[in-house]
Amino acid sequence: MEYNMKKLIRYGVLLMLGLSFVVYGMIDLAVSKYSPEPLSDAQIIERAKDLGLVDVKEQWIESTDKNENRD
């Protein structure tokens, strides 16, 4: 029996490529199932306020209110 080596190598490469897609797909499904939910903008702002971060607009309003009270 004579095997065509080029054909055999092509089949091997395609087989490995297909199997790698299947394995990576299964890994992606497993990882995405247990990944945390993305946070909304409101949740991020709330957490930032809890940590003591101040919004620039709020800080500017507070500083203008203090300046008005001085006059």
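Because only heavy atoms are used, hydrogens play no part in the values below, and waters and symmetry mates are left out as well, while side chains stay in. Numbering starts at 1 and runs along the sequence shown. Keep in mind that what you see is a predicted model, and the values were worked out from it rather than measured.
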Tell me which donor-acceptor pairs under 3.5 Å the side chains of residues 44-52 have, and how far apart each pair is, sequence neighbours excluded?
none

Hydrophobic cluster partners of F21 (side-chain heavy atoms under 4.5 Å):
L17
Show me the pairs that pass salt bridge (charged side-chain N to carboxylate O under 4.0 Å, His left out) and involve residues 18-41, at least two apart or across chains.
none
Give, for atom CG of L15 and atom OG of S20, the distance between the pair rounded to the nearest 0.5 Å.
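If I round to the nearest 0.5 Å, the distance is 9.5 Å.
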Would you compute the distance between atom CG of N4 and atom CD1 of I9 and round it to the nearest 0.5 angstrom?
9.5 Å
I'd like to know if V31 and V23 are part of one continuous hydrophobic network [Ile/Leu/Val/Met/Phe/Trp/Tyr, side-chain heavy atoms within less than 4.5 Å].
yes
